[in-house]
Amino acid sequence: MGTWPTSGPAEDRPPGNLYLVGLMGSGKTTVARIVAARLGWPWLDTDDLVQRDAGRTIPEIFAAEGEAGFRRREHEALARVAREGGRVVATGGGIVLLPENRALLRSTGFTVYLEVPPEELHRRLSRGRGLASRPLLSVPDPLGRLRALLAEREPLYREVAHAVVSGRRGPPAAVAERVVAAWRRRGGS
Ligand SMILES: Nc1ncnc2c1ncn2[C@@H]1O[C@H](COP(=O)(O)OP(=O)(O)O)[C@@H](O)[C@H]1O
Ligand SMILES: O=C(O)C1=C[C@@H](OP(=O)(O)O)[C@@H](O)[C@H](O)C1
Ligand SMILES: [Mg+2]
């Protein structure tokens with residue numbers, strides 16, 4: 001973990017972004033909106049940008065272009081957001097797979113890893129379209145897949161994170177408060 005530029009009063013909207021990373025179901029999309037409301041910043045989700053640009057849903061992009069096509073689009077979305085700055089940014093869980101994305105997350109903002117165990121992710125995503133809307137979890141053993149993804153990605157989340165926050169317990173608003181607290185303490189990690 002490293003430092004992040006801290007010029008200006010603590011509550012100013014900074015030049016960089018506040019990024020949320022973590023596995024599918026860790027609450028990135030839900031928590032980003034609440035953090036943004038608390039800080040008075042705009043927010044966005046790289047998955048929304050990708051879907052808007054493609055004119056297709058994520059399952060449709062995976063079906064038509066494969067995971068590699070999705071990753072290319074996700075990188076383009078992140079690169080654009082990184083140039084603009086000043087937002088709370090929910091990312092997709094696989095954003096850390098590309099080294100160029102990891103470099104952007106390290107250097108263009110403050111990145112928080114929302115840590116949640118796979119069993120809790122599986123519980124959350126088993127409701128509604130949580131599994132069906134995520135192609136990597138549309139498999140016979142989604143919990144096994146989540147465990148495998150965690151083993152592969154956890155070192156990458158830790159590599160990019162300026163702070164690690166538990167997203168396991170409490171409602172989304174409580175998790176958002178932990179993220180805001182980590183952001184206010186930024187610079188010392
Ligand atoms: N702190 C939480 N406690 C319980 N459920 C949560 C929490 N945060 C998010 N969820 C639920 O988990 C599911 C996945 O959340 P989402 O924000 O889409 O995660 P991500 O963007 O990281 O995949 C949603 O149904 C959401 O309502
Ligand atoms: O972990 C992943 O590789 C993915 C996570 C998803 O976003 P969430 O993490 O918001 O579910 C979405 O980008 C896509 O289905 C791939
Ligand atoms: Mg999301």
Side-chain angles (χ1 to χ4, degrees), residues 17-38 43-54 56-78 81 87-99 101-102 105 111-139 142-157 160-161 164-182:
N17 291 307
L18 198 172
Y19 297 105
L20 298 183
V21 300
L23 276 183
M24 294 175 271
S26 58
K28 301 177 298 293
T29 301
T30 309
V31 169
R33 190 177 52 78
I34 303 170
V35 170
R38 291 280 288 106
W43 77 283
L44 55 78
D45 190 316
T46 56
D47 281 340
D48 291 340
L49 291 186
V50 166
Q51 293 182 100
R52 205 179 313 150
D53 289 349
R56 286 171 157 160
T57 65
I58 289 173
E60 286 168 350
I61 298 169
F62 269 71
E65 304 172 20
E67 182 172 350
F70 175 78
R71 296 293 168 215
R72 262 194 305 279
R73 292 180 174 280
E74 185 175 53
H75 171 70
E76 284 164 20
L78 179 65
V81 168
R87 295 185 179 81
V88 180
V89 180
T91 63
I95 202 141
V96 293
L97 293 172
L98 293 188
N101 290 348
R102 297 202 295 279
L105 293 166
T111 298
V112 176
Y113 168 33
L114 285 187
E115 193 176 24
V116 178
E119 295 74 19
E120 172 63 16
L121 300 172
H122 185 248
R123 258 192 299 278
R124 291 180 187 178
L125 295 173
S126 295
R127 289 190 283 267
R129 293 193 33 83
L131 296 172
S133 64
R134 291 169 171 88
L136 296 179
L137 298 180
S138 302
V139 295
L143 177 56
R145 172 61 65 84
L146 282 164
R147 288 184 175 131
L149 290 172
L150 181 63
E152 179 192 356
R153 295 177 179 176
E154 175 149 50
L156 307 179
Y157 294 137
V160 299
V164 180
V165 163
S166 173
R168 174 188 203 165
R169 276 183 237 285
V175 178
E177 283 310 315
R178 280 174 227 145
V179 173
V180 170

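Ligands are counted one by one from 1 in listed order, and the atoms in each one are counted from 1 as well.
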Side chain to side chain contact (heavy atoms under 4.5 Å, CB included) between Leu97 and Leu156, intermediate numbers included | CA-CA 7 Å; Leu97 293 172; Leu156 307 179; 4.1 Å; yes
Report the C-alpha distance between Ile34 and Val175 in whole Å, list the side-chain angles of each, state the deciding distance to 0.1 Å, and finish with yes or no for side chain to side chain contact (heavy atoms under 4.5 Å, CB included).
-> CA-CA 9 Å; Ile34 303 170; Val175 178; over 6 Å; no
Audit row: Arg134, Ile58, side chain to side chain contact (heavy atoms under 4.5 Å, CB included) steps and yes/no | CA-CA 7 Å; Arg134 291 169 171 88; Ile58 289 173; over 6 Å; no
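Here the closest heavy-atom approach between residue Pro59 and residue Ala132 is recorded as CG-O, 4.2 Å. Contact detail for Ser138 and Leu131: the closest heavy-atom pair is OG-O, 3.3 Å. Scanning both residues, Thr111 and Val160, for their nearest heavy atoms gives CB-O, 3.6 Å.
Side chain of Lys28 to backbone of Gly22: a donor-acceptor contact under 3.5 angstrom is found. In this structure, the side chain of Asn101 does not engage the main chain of Leu78 through any donor-acceptor pair within 3.5 Å. At distances below 3.5 Å, not a single donor-acceptor pair connects side-chain atoms of Asp45 with backbone N or O atoms of Thr29. Of the possible donor and acceptor atoms, none in the side chain of Arg38 sits under 3.5 Å from a partner among the backbone N and O of Val180.
Applying the side-chain hydrogen bond (donor to acceptor under 3.5 Å, both in side chains) definition to pairs two or more places apart or across chains, those involving residues 62-71 are Arg56-Glu65, Glu65-Arg73, Glu67-Arg71, Arg71-Glu74.
For ligand 2, the atoms closer than 4.0 angstrom to any heavy atom of Asp47 are 6 (C), 7 (O), 8 (P), 10 (O), 12 (C), 13 (O). If you number the atoms of ligand 2 from 1 as listed, the ones under 4.0 Å from a heavy atom of Arg134 come out as 11 (O). Annotation for ligand 2: atoms under 4.0 Å from non-hydrogen atoms of Gly92 are 7 (O), 9 (O), 13 (O). Those atoms of ligand 2 that come under 4.0 Å of a heavy atom in Lys28, given as number and element, are 8 (P), 9 (O), 10 (O). The contact set between ligand 2 and Leu136, taken as ligand atoms under 4.0 Å from a residue heavy atom, comprises 2 (C), 3 (O).
With rounding to the nearest 0.5 angstrom, the OH atom of Tyr157 is 7.5 Å from the OG1 atom of Thr91.
For ligand 2, none of its N or O atoms has an N or O atom of Pro135 under 3.5 Å away. In terms of polar-atom proximity, defined here as any N/O pair under 3.5 Å, Ser133 makes no such contact with ligand 2. On a distance-only criterion, Phe70 and ligand 2 share no N/O pair closer than 3.5 Å.
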For residues 144-151, please give each side-chain donor-acceptor pair under 3.5 Å, one per line with the distance, not counting sequence neighbours.
{"residue": "Arg145", "atom": "NH1", "partner": "Leu136", "partner atom": "O", "Å": "2.7"}
{"residue": "Arg147", "atom": "NE", "partner": "Glu119", "partner atom": "OE2", "Å": "3.3"}
{"residue": "Arg147", "atom": "NH2", "partner": "Glu119", "partner atom": "OE2", "Å": "2.9"}

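Of the protein's non-hydrogen atoms, the one nearest atom 1 (O) of ligand 2 is Arg153 NH1, 2.7 Å. Among all non-hydrogen protein atoms, the one lying nearest atom 2 (C) of ligand 2 is Gly94 N, 3.3 Å.
Of the heavy atoms in Arg145, none comes closer than 4.0 Å to ligand 2. The side chain of Arg71, and not its backbone, has at least one atom closer than 4.0 Å to an atom of ligand 2 (non-hydrogen atoms only; side chain from C-beta on).
Using a 4.0 Å cut-off between charged nitrogen and carboxylate oxygen, Arg124 and Glu120 count as a salt-bridge pair.
Under the 30°/60° scheme for interplanar angles, the aromatic rings of Phe62 and Phe70 are found to be tilted.
Using a 4.0 Å heavy-atom criterion, the residues that approach ligand 1 are Leu23, Met24, Gly25, Ser26, Gly27, Lys28, Thr29, Thr30, Arg124, Arg134, Gly170, Pro171, Pro172, Val175.
Around the Mg ion (ligand 3), the protein contributes the following N, O or S atoms under 2.8 Å, ordered by chain and number: Thr29 OG1.
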